[in-house]
> 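Can you keep this structure in mind? I'll have questions shortly.
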Amino acid sequence: MARILTAVAWPYANGPRHIGHVSGFGVPSDVFSRFMRMSGHDVLMVSGTDEHGTPIGVQAEREGLTNREAADKYNRVIVEDLQGLGLSYDLFTRTTTLNHYAVVQDLFSALHRNGYVVARVQMGAISPSTGRTLPDRYIEGTCPICGYGNARGDQCDNCGNQLDPIDLIDPRSKINGETPEFVETEHFFLDLPSLAGSLSAWLETRTDWRPNVLKFSENLIAELKPRAITRDIDWGVPIPLDGWRDQPMKKLYVWFDAVIGYLSAAIEWAKRSGDPEAWRLWWSDPEAQSYYFMGKDNIVFHSVIWPGILLGQNGQGDHGGVPGDLGVLNLPSEIVSSEFLTMSGSKFSTSRGQVIYVGDFIREFGPDALRYFIAVAGPENTDSDFTWEEFVRRTNFELANEWGNLVNRSISLAWKNNGGIPEPGELADVDRALLATAAESYATVGALLERSRFKQAISEAMRLVQSANRYLSETEPWKLKDDPARRDTVLHTALQVVSDANTLLTPFLPHAAQKVFEALGGEGVWAAQPEIRTVSEEGGPDYPVLMGDYANEQAVWASRPIVPGTPLVKPTPLFTKLDEELGRTGPDFARLDA
RNA sequence: GGCGGGAUAGCUCAGGUGGUAGAGCAAGCGGCUCAUAAUCGCUGUGUCGCGGGUUCAAGUCCCGCUCCCGCUACCA
């Protein structure tokens, strides 16, 4: 048994999340965690909503809300979406908790004490009316190179050159149109160059990482520069230093606080679990493994910057130092990054309405159809495309026909002939062969899941489903009226393999797996689901979190012998088939341009 | 510009450490009828982006080129 931290990227709470988001961090991390739990490992899966920063404020203003109200609103929407998808977080929290603030300040203080945080004056754009930092991407103006009128502050979309916003002609704020002011402002910087040496040395030990992640990270380290970790903004974690703490317009930069969430969420989980020190089992024990799941745009934060922060707080960079109050903390073991999901060939775009929200999707089609699609056709190694036509095909032909119908036909036969799970007689070669295939699948599929090869893993599991369908065609139990002993053996074998296939599919399709488990006469929780619980902190408001009692689920990554005599009832279809018209038109909430 | 990824049957894609190209879908034929008109079997097709090179042998390694995509850090 091993301890495994599943650290899942934190969705940003400035709106509902679309299926591209959950295809990157959500479904893969859950499949992985469920598999690891079933294999007997001690998994801690944490995440939360990322709620600070300028875009929250922009969204809040658009809706006439305060920052806090906007964060509350989208935190809840996202919590409900992820719960609906069945993502089995041990804790899904948020960055606006007192606990998170305390942990972030703790790490900042340790970095500061050890000399990895330095103050510097820089030239930055601020909004004159609010005094807030105006990020480059919220500034537009005329490109000084090509004269294009709508160049962004960081890059000109017309000539492609990278720009400095201060060079723009007639710069203006995209938020409210005012002219940004460029002022000297003092900020803290994370001294990444002084951590580059230890980062390099550490990366050299990551030999099993995907070459592209490793290469990408090594290249970044070669040209690391100090990176700002504070901003002129009133919405964020206060800087825990005298002279800074009380400045209303100085806060820690959102990326810095968000990435610390993996740690703060583990600590919050420990408090809520009743043993406040329990988080150390995943963070302080060098034997514990940590797997970080994210989209490819986030690799740099997890392979370089977050490890840099940890090394600095551990006192393991060029400046040395001593570990912070939390002690020496583990660096990431694995980075599991996904590529991007596109929608009918284009990028998802909220502003152009080219988007499919998770909530809409699962209300209409249920969680497992989406989970299946993402697992089997998601952007695992390369960008992949979502089309309604492909979704309908996968759902109808693969989920409903191959798997759902296998369950249905097997249980139907046994129910009609025996009213329950039949007693097997002597096995024939064909029976043994199928059972052997099923038995071998645990190792095959498991090895793939351990390496986060989800596509291949679910394809292998579905191969067993196909074998079972073939087996029924070959043995034709419906023709064995005159040989009930043989028929019972065949049906028993078929049901056993249905049970095995269901176990193999449980990490991918936990909701359907629970139904199949029950249809085979099982009682109680097979695959546990996350619950929304309302919690609070001393001195703080109530907020919703996702938690779950996963230790009590019965699902185990091993063949579970079915029990002859267990009564069965007439089965109902496992998956509803979709109207093929849907493939051409899309659903009402995401019509293909009609 | 820099870095990275992709380019394989009509379509969607697999093809760690080199050895005469695979799967699913779509199409055709046949079997079966237990099951959500479900299922099972059989039948094709490929200059593996282009041009060189290494090798007995390259989709698989090296060099160059073309096209597509992503990242490029003060975005979250």
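Please read these numbers as outputs of a predicted model, since none were measured by experiment. Below, chains carry the letters A, B, ... as their sequence lines are ordered, and counting in each starts from 1.
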> Between A:Ser23 and A:Gly20, is there a donor-acceptor pair closer than 3.5 Å when you use the side chain of the first and the backbone of the second?
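Indeed, once roles are kept as given, a pair shorter than 3.5 Å links the two residues.
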
> Nearest of B:C34, B:C75, B:U39 to any side-chain atom of A:Tyr253?
B:C75

> Would you mind classifying the nucleic acid contact of A:Asp50 as base, sugar-phosphate or nothing, using non-hydrogen atoms under 4.0 angstrom?
sugar-phosphate

> Tell me which nucleotide among B:A35, B:U39, B:G24 gets nearest to the side chain of A:Asn469.
B:U39

> Among B:G24, B:C74, B:U39, which nucleotide sits nearest the side chain of A:Arg227?
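So the nucleotide nearest the side chain must be B:C74.
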
> Would you confirm whether the ring centroid of A:Phe508 sits within less than 6.0 angstrom of the ring centroid of A:Phe454?
no

> Assign A:Pro477 to base, sugar-phosphate, or nothing according to its heavy-atom contacts below 4.0 angstrom with the strands shown.
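Counting heavy atoms under 4.0 Å across all strands, no contact is made by A:Pro477.
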
> If only side-chain N and O atoms of A:Lys570 are considered, is one of them under 4.0 Å from the OP1 or OP2 phosphate oxygen of B:A35?
no

> Counting side-chain heavy atoms from C-beta on, which of B:U12, B:U36, B:G41 comes nearest to A:Arg470?
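Ranking B:U12, B:U36, B:G41 by closest atom to the A:Arg470 side chain puts B:G41 first.
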
> If you only use heavy atoms from C-beta on, which nucleotide in B:C34, B:U12, B:C13 is closest to the side chain of A:Lys455?
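Of the options given, the side chain of A:Lys455 lies nearest B:C13.
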
> Tell which nucleotide pairs with B:G24, taking only Watson-Crick or G-U wobble pairs whose two distances are both under 3.5 angstrom.
B:C11

> Applying a 3.5 Å limit to both distances, which nucleotide forms a Watson-Crick or G-U wobble pair with B:A35?
none

> Check whether any side-chain N or O of A:Lys416 sits under 4.0 Å from OP1 or OP2 of B:A35, and answer yes or no.
yes

> Do A:Glu51 side-chain atoms and A:Ile56 backbone N/O form a donor-acceptor pair below 3.5 Å?
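Flag not set: sc A:Glu51 to bb A:Ile56 has no pair under 3.5 Å.
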
> Between A:Asn408 and B:C34, is there a side-chain N or O to OP1/OP2 distance below 4.0 Å?
no

> Less than 6.0 angstrom from the centroid, inside 45 degrees of the normal: does A:Arg227 satisfy that with respect to the ring of A:Trp255?
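Yes, a cation-pi geometry holds between A:Arg227 and A:Trp255.
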
> A:Arg231 has a side chain; which of B:C34, B:C74, B:U36 sits nearest to it?
B:C74

> Side chains of A:His21 and A:Tyr357: do they bring a donor and an acceptor to under 3.5 Å?
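There is no such pair (donor and acceptor under 3.5 Å, judged by atom type) between the side chains of A:His21 and A:Tyr357.
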
> Which listed nucleotide (B:U33, B:C75, B:A26) is nearest to the side chain of A:Phe397?
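In terms of side-chain proximity for A:Phe397, the closest of B:U33, B:C75, B:A26 is B:A26.
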
> Using the closest heavy atom to pick a nucleotide of RNA chain B for each, name whichever of A:Lys481 or A:Ala228 lands nearer the 5' end.
A:Lys481

> Let's see if you can work this out: which of B:G15, B:U36, B:U39 has an atom nearest to the side-chain heavy atoms of A:Arg453?
B:G15

